[in-house]
Amino acid sequence: TVIMGLAAGSAATLAGTGAALAAPRGLVFDKTAYTTLTTTIDGKAVTYRFWKNIVYVANPVDAAYQSLNVSVPVTIDGKAVDATDAPILFSNSVGGYMPSSVATATGVGGAAMTGATGAGGVASGGNAMLGAGGEMVSNAKLALAAGYVVVEPGARGRTLVTSGGVYYGTAPAAIVDLKAAVRYVRANRGRIPGDVDRIVSSGTSAGGALSALLGASGDSPLYDKYLRTLGAADASDAVFAVAAYCPIADLEHADMAYEWVWGKNKLSTGALVDQTVSRKVAAGFPAYQKSWGITDTESHLLKTYLQPAATRYLASLSASARGAYLAKNTFITWKNGQATFTWANWLTHVGARKKTLPAFDAFDLSTGENNLFGTGTTKARHFTTYGGRTIAADIPAKLDLMNPMHFLREGTTSRARHWWIRVGTNDSDTSPTIVANLAAGLRRLGDDVSALMYWDAGHGANEDAADLMTWIARRK
Ligand code: DHB
């Protein structure tokens with residue numbers, strides 16, 4: 001757990017925060033420091049080398065979080081595997097913008113979950129799916145069984161606080177840590193197994209947003225001062241590709257996006273949120289959409305994502321199962337192998353919205369995101385100017401550091417060019433426009449984007465992990 005991690009790993013460095021820094025380390029990957037493990041993943045017998053708890057910065061603030069694990073396949077079903085030039089799945093396990101540690105993991109895909117997440121969220125950072133045997137399989141494990149190298153970084157998160165009450169894992173700590181971990185990997189080109197020019201960043205929810213941010217902000221100088229302070233390796237932090245599941249991104253626009261989509265949906269209590277406030281929060285959203293080239297958001301979502309998701313789902317069913325589904329869901333018209341329906345009927349079909357109003361920047365500062373933008377001994381702060389309130393002077397720059405859309409607006413050249421983006425159509429942890437805008441922003445820049453929604457799936461869904469592994473293999 002978080003508490004144990006602090007006690008075991010970092011009392012000395014924490015005590016030193018703001019005073020003497022830990023002794024610099026070489027940040028050289030020790031090829032020989034592995035143990036050999038065996039496991040069964042998705043029905044395959046996998047033997048692999050496991051490097052554990054490598055601190056990836058010279059001056060850690062909290063080594064219990066700023067460390068990574070490396071897993072490299074040696075044999076798969078008895079056949080020797082050479083992973084020297086294999087893609088590297090860089091799989092974070094961040095959920096809820098909480099701290100995530102891999103320090104005590106005993107094998108691949110074993111990051112400690114920190115439990116509760118942001119405003120009513122459910123931890124889902126492992127990209128879990130059901131494997132052939134019905135067991136939970138993560139992208140990390142499936143990548144290993146596909147012959148890839150797997151790097152699992154820990155990262156600081158919003159709730160970390162010193163005994164003196166100072167928050168040291170709030171924005172931009174988590175992205176700075178992930179960048180430092182990428183730099184460590186790239187600085188060890190030729191020592192660490194795998195192709196350091198084919199790093200694929202994977203994550204879910206907050207971890208999906210950070211994965212997208214990592215991809216969008218490669219080598220941005222905006223993070224330099226933070227990386228220097230940590231003693232990050234002197235190497236590129238650009239990644240090759242991104243897999244982002246239900247990213248909780250674009251936080252400063254998430255409240256307007258949320259009300260614009262879910263504003264008229266009741267809470268699970270059956271209550272409507274204040275419709276006047278909801279409309280006021282949503283007011284700027286159409287203009288914001290236009291800034292991404294989307295003039296009709298309803299039709300964009302219906303035609304690009306929602307109807308195709310229903311179509312794929314219904315096409316995958318047997319004729320009788322499809323008939324049963326359509327009989328229960330008469331709002332769907334099924335014709336010539338295509339599902340169509342109206343926006344209003346889809347909203348009714350989804351039902352209860354998960355979050356209260358406003359969803360991200362709460363009036364009472366109670367959300368995980370308010371905590372994410374805390375600083376010093378202040379646990380939580382506002383980060384939107386709703387109602388004309390002023391926000392602290394450092395907030396706009398921190399919002400940029402946390403938002404992939406900021407970098408897509410600028411079109412930075414070191415960004416990832418290959419993107420796998422997924423979200424469930426029932427996921428109201430944020431607005432479905434977050435994913436749609438991310439994909440639109442990337443396509444506008446000419447990137448290779450696979451973006452789709454999983455019909456009727458909720459928060460954290462990952463229903464085509466095997467396809468991701470194939471997709472990675474085909475990208476060079
Ligand atoms: C997560 C979920 C949320 O609803 C949120 O606001 C932030 C993060 C998550 O599951 O990581």
Side-chain angles (χ1 to χ4, degrees), residues 2 91-101 111-128 138-139 153-159 169-175 177-178 201-214 243-259 261-262 265 267-268 281 350 352-374 380-384 399 402-404 421-424 426-435 438 454 457-462:
V2 176
S91 176
N92 79 66
S93 51
V94 176
Y97 290 104
M98 299 280 278
S100 58
S101 175
M113 290 282 116
T114 40
T117 66
V122 174
S124 60
N127 292 348
S138 63
N139 274 359
R156 288 169 294 165
R158 61 182 170 81
T159 53
T170 53
I175 185 61
D177 286 355
L178 295 180
S201 171
S202 171
T204 302
S205 198
L210 289 167
S211 188
L213 178 57
L214 199 57
Y245 298 85
C246 51
I248 305 288
D250 203 7
L251 298 175
E252 62 267 47
H253 302 108
D255 283 335
M256 63 166 75
Y258 199 94
E259 294 314 314
V261 172
W262 306 122
N265 284 44
L267 293 159
S268 59
V281 169
V350 174
R353 60 184 269 164
K354 189 160 184 180
K355 293 185 171 179
T356 51
L357 165 74
F360 292 89
D361 189 356
F363 296 135
D364 65 358
L365 295 173
S366 60
T367 70
E369 286 75 15
N370 289 127
N371 178 204
L372 179 63
F373 290 101
R381 296 189 296 170
H382 285 299
F383 53 92
T384 65
L399 287 167
M402 295 305 290
N403 195 343
I421 305 169
R422 299 287 186 270
V423 70
N426 268 5
D427 188 342
S428 65
D429 272 57
T430 191
S431 165
T433 58
I434 300 298
V435 148
L438 178 61
Y454 305 125
H459 191 57
N462 176 3

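Start at 1 and go down the list; that is how both ligands and their atoms are numbered.
With contacts defined as side-chain heavy-atom distances shorter than 4.5 Å, the pair D429/C246 does not qualify.
Nearest to atom 10 (O) of ligand 1 by heavy-atom distance, out of C246, A209, S205, G208, is S205.
The distance from the NZ atom of K355 to the CG atom of L267 is 12.5 Å, given to the nearest 0.5 Å. Distance check, rounded to the nearest 0.5 Å: CZ of F373 to OG1 of T367 gives 9.5 Å. With rounding to the nearest 0.5 Å, the separation of CG in D255 from OG1 in T384 is 5.5 Å. Note: N426 CG to Y454 OH = 14.5 Å, rounded to the nearest 0.5 Å.
Residue E369 approaches ligand 1 through these ligand atoms, each under 4.0 Å from one of its heavy atoms: 5 (C), 6 (O), 7 (C). Distances below 4.0 Å separate heavy atoms of G95 from the following atoms of ligand 1: 11 (O). Those atoms of ligand 1 that come under 4.0 Å of a heavy atom in K355, given as number and element, are 3 (C), 4 (O), 5 (C), 6 (O). Atom numbering of ligand 1 starts at 1 in the shown order; those under 4.0 Å from a heavy atom of F360 are 6 (O). Proximity to G96 (heavy-atom distance under 4.0 Å) selects the following atoms of ligand 1: 1 (C), 8 (C), 9 (C), 11 (O). The contact set between ligand 1 and D429, taken as ligand atoms under 4.0 Å from a residue heavy atom, comprises 2 (C), 3 (C), 4 (O). Within ligand 1, the atoms closer than 4.0 Å to a non-hydrogen atom of H459 are 2 (C), 9 (C), 10 (O), numbered from 1 in the order shown.
Looking only at atom types and distance, the side chain of S202 has a donor-acceptor partner in the side chain of N139 under 3.5 Å away.
Aromatic ring pairs are classed by plane angle as parallel below 30°, tilted from 30° to 60° and perpendicular above 60°; the pair Y258 and F360 is perpendicular.
Contacts between K354 and ligand 1 below 4.0 angstrom, taking non-hydrogen atoms only, are absent altogether.
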